[in-house]
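Starting from 1, each residue takes its place in the sequence as its number.
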Amino acid sequence: MAVGNEVVVVTGSSGFVGQHIVKLLHEQDDTCTEIRLFDLKPYVNKIGHREKKPVKHFLGDIRDAAAVSEAFKGADCVIHAAAVIDLKPTNVKEMVTTNIDGTKAVIDACIQQNIPCLVFCSTTDVVCGSEHIFYGTESTTPIPKTFMVGKYAETKCKAEKLVLEANGQLLANGNGTLRTVSVRPTPLYGPEDKCFFYEILRYAKKNKYYLRIRSLDERLQISFVGNAAWALIKAKDRLAVDKTISGETFFITDDTPIIDIHEHIRPFLEARDIPVSNYIFPYWLAWIILSFICLFVRLLNVFVDYEVDIPSVSQLNYICSTFFFNRSKATLRLDYEPIFNPEEADSSSLDYYSTVEL
């Protein structure tokens with residue numbers, strides 16, 4: 001691969017992280033000369049970036065081996081960001097087949113098409129279980145026996161394992177091996193989010209009120225999506241020139257303050273005139289009530305098909321936990337530093353969350 005003349009494939013290019021990867025490949029990455037977009041949905045430039053480089057569009061399912069292989073022909077690197085994110089137990093089959101089987105198809109296509117570099121967009125959720133994490137590092141934070149966010153984290157963990165195990169596999173032409181790396185951002189916020197803060201805002205709008213729930217003094221670390229996208233690009237660039245990072249995992253954070261998660265969401269709620277409770281509702285009581293409702297709905301579904309639009313117990317547990325991480329390894333080995341400061345991140349996020357249709 002000639003550094004400075006790269007053809008880069010982005011899977012999941014129409015998604016939340018994918019849009020920001022494409023933006024930065026156009027605007028900030030001097031090594032990429034052609035971008036290939038692979039997604040089920042046609043790519044639309046929703047975040048208004050400049051389009052400076054040749055782009056090829058491929059519509060297809062990540063589980064379709066033939067479609068993936070066709071898109072990968074002649075490429076130098078793949079950034080694999082395609083995934084199904086569902087924190088409720090309603091879409092398990094789709095998550096398993098897309099996140100795990102789709103990743104297998106990506107790995108196989110990289111080998112068959114002689115692509116030497118594969119960067120996997122993972123998540124810190126693969127290490128979040130029942131225990132709090134304080135400045136976790138890659139070497140001291142194990143995979144938990146039970147994942148905090150259930151099947152989503154489980155499928156991402158299995159996909160990550162496949163990617164790391166593929167490191168060192170011989171390419172089809174016999175000239176070189178596949179080098180892989182896994183990048184684990186903390187939960188993300190920012191333009192085109194349709195999961196974390198978006199879901200909180202949607203619930204709050206539906207109920208015309210935001211109830212603050214807390215156990216003690218939880219700190220859930222979040223990062224701006226643009227910085228996570230930049231970390232994936234830095235991983236791509238380092239993987240091309242530094243074989244020692246292959247087969248490694250990297251926690252990704254930025255300079256977003258590690259504060260009460262309710263204070264992060266407050267400006268977005270206020271921008272939509274959604275009242276925020278002045279008091280703290282106890283976590284233990286919320287857990288009992290929500291668990292009872294979920295159990296009742298599960299029993300009811302034995303007899304009738306009934307859905308209720310409420311957060312899952314795992315979502316409640318998640319925002320009432322403490323998880324924050326140390327990015328020193330990414331700084332030292334990937335040469336990663338956030339390129340968007342908290343003020344820039346907050347400004348663009350406020351523009352998005354105050355106007356996005358819920």
Side-chain angles (χ1 to χ4, degrees), residues 8-25 29 32 35-40 43 62-63 68 71-72 75 77-86 95 98-107 109-110 115 117-128 138 149 152-164 166-167 178-196 222-239 245-254 325 327 329-330 334 336 338:
V8 180
V9 181
V10 181
T11 71
S13 51
S14 294
F16 178 30
V17 179
Q19 287 263 340
H20 290 268
I21 296 170
V22 174
K23 168 186 168 69
L24 294 177
L25 286 174
D29 185 28
C32 172
I35 306 168
R36 295 188 185 175
L37 311 179
F38 187 93
D39 204 300
L40 276 170
Y43 182 82
I62 203 69
R63 297 164 291 189
V68 173
F72 285 17
C77 181
V78 174
I79 301 178
H80 178 33
V84 170
I85 303 174
D86 191 343
M95 278 195 294
T98 300
N99 297 353
I100 299 175
D101 298 341
T103 298
K104 289 179 183 176
V106 167
I107 293 168
C110 284
I115 299 174
C117 296
L118 170 60
V119 178
F120 179 63
C121 181
S122 185
T123 168
T124 52
D125 291 342
V126 301
V127 297
C128 293
E138 293 83 352
V149 289
Y152 166 65
E154 181 183 328
T155 58
K156 288 294 285 186
C157 186
K158 288 181 178 178
E160 180 186 80
K161 184 179 179 183
L162 289 171
V163 169
L164 297 178
N167 183 63
L178 177 64
R179 300 196 296 276
T180 68
V181 70
S182 180
V183 171
R184 298 170 170 175
T186 64
L188 301 175
Y189 69 99
E192 296 310 305
D193 169 27
K194 289 294 171 63
C195 184
F196 188 34
I222 60 176
S223 300
F224 181 63
V225 61
N227 288 322
W230 182 238
L232 289 159
I233 292 173
K234 293 299 290 184
K236 167 188 74 69
D237 293 343
R238 290 306 304 166
L239 197 57
I245 71 164
S246 59
E248 297 281 344
T249 61
F250 294 89
F251 288 145
I252 301 301
T253 69
D254 64 8
F325 300 86
R327 72 167 184 259
K329 182 180 175 183
L334 300 182
Y336 161 74

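At a threshold of 4.5 Å between non-hydrogen side-chain atoms, the residues Cys110 and Phe72 count as touching. The side-chain heavy atoms of Val17 and Val225, taken from C-beta on, include a pair separated by under 4.5 Å.
Residues that satisfy the ring pair (Phe, Tyr, Trp, His ring centres under 6.0 Å) test with Phe251, not counting sequence neighbours, are Phe325. Taking the ring pair (Phe, Tyr, Trp, His ring centres under 6.0 Å) definition, one finds that His80 meets it with Phe120, sequence neighbours left out. Partners of Gln19 by side chain to side chain donor-acceptor pair (under 3.5 Å), not counting sequence neighbours: none found. Judged as a side chain to side chain donor-acceptor pair (under 3.5 Å), and not counting sequence neighbours, the contacts of Asp29 are Thr31, Lys236. With sequence neighbours left out, Tyr189 forms a ring pair (Phe, Tyr, Trp, His ring centres under 6.0 Å) with Phe224.
Of all heavy-atom pairs between Val78 and Val106, the closest is CG1-CG1, 4.2 Å. The two residues Ala235 and Ile245 have their closest heavy-atom pair at O-CD1, 4.1 Å. For the pair Asp193 and Cys195, the tightest heavy-atom approach, listed with the atom from each and the gap, is OD1-N, 2.7 Å. Residues Ser223 and Ile252 share a closest heavy-atom pair of OG-O, 3.9 Å. Closest approach of Ala71 to Phe38, counting heavy atoms only: CB-CD1, 3.6 Å. For Ser122 against Pro185, the heavy-atom pair with the smallest separation is O-CD, 3.2 Å.
Going from atom CD1 of Ile21 over to atom OG of Ser13 covers 9.0 Å, rounded to the nearest 0.5 Å. Between Thr103 atom OG1 and Ile62 atom CD1 the span is 7.5 Å, to the nearest 0.5 Å. Atom CZ of Phe196 is separated from atom CD1 of Ile222 by 6.5 Å, given to the nearest 0.5 angstrom. Taken to the nearest 0.5 Å, the CZ atom of Phe16 stands 5.5 Å off from the CG atom of Leu188. Atom-to-atom distance recorded for Asn167:CG and Leu162:CG is 13.0 Å, nearest 0.5 angstrom. Rounded to the nearest 0.5 Å, atoms CD1 (Ile115) and SG (Cys77) are 8.5 Å apart.
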Practice problem: Start with the C-alpha distance between His20 and Leu24, add both sets of side-chain angles, then the distance that settles side chain to side chain contact (heavy atoms under 4.5 Å, CB included), and finish with yes or no. | Solution: CA-CA 6 Å; His20 290 268; Leu24 294 177; 5.5 Å; no
Quiz item: Hey, mind stepping through Tyr152 and Thr123 against side chain to side chain contact (heavy atoms under 4.5 Å, CB included) and telling me if it holds?
Solution: CA-CA 10 Å; Tyr152 166 65; Thr123 168; 3.9 Å; yes
Exercise. Please report the C-alpha distance between Cys121 and Val183 in whole Å, then the side-chain angles of each, then the deciding distance to 0.1 Å, and finally whether the side chain to side chain contact (heavy atoms under 4.5 Å, CB included) criterion is met.
Key: CA-CA 5 Å; Cys121 181; Val183 171; 6.0 Å; no
Quiz item: Given Val163 and Ile107, is the side chain to side chain contact (heavy atoms under 4.5 Å, CB included) satisfied, shown in steps?
Solution: CA-CA 7 Å; Val163 169; Ile107 293 168; 4.2 Å; yes
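Although no hydrogens or angles enter the test, the distance criterion places a donor-acceptor pair under 3.5 Å between the side chain of Thr11 and the main chain of Ala81. In this structure a side-chain-to-backbone donor-acceptor pair under 3.5 Å is missing from Asp254 to Asn227. Put simply, the side chain of Asn99 never gets that close to the backbone of Ala83: no donor and acceptor are under 3.5 Å apart. The closest donor-acceptor contact from the side chain of Arg179 to the backbone of Leu239 lies under 3.5 Å. Without hydrogens or angle criteria, Thr98 side chain to Met95 main chain gives no donor-acceptor distance under 3.5 Å. Between the side chain of Arg184 and the backbone N or O of Thr249, no donor-acceptor pair lies under 3.5 Å.
In Lys329, the NZ atom is crowded: over 12 heavy atoms of neighbouring residues, nucleotides or ligands sit closer than 6.0 Å.
Of the options Glu138, Lys156, Glu160, a side-chain hydrogen bond (donor to acceptor under 3.5 Å, both in side chains) to Ser182 is made by Glu160 and by none of the others. The side chain to side chain contact (heavy atoms under 4.5 Å, CB included) test with Val8 singles out one residue from Ile79, Ile35, Ile233, and that residue is Ile79.
Counting only residues at least two apart or in different chains, salt bridge (charged side-chain N to carboxylate O under 4.0 Å, His left out) contacts with residues 225-234 comprise Lys234-Asp335.
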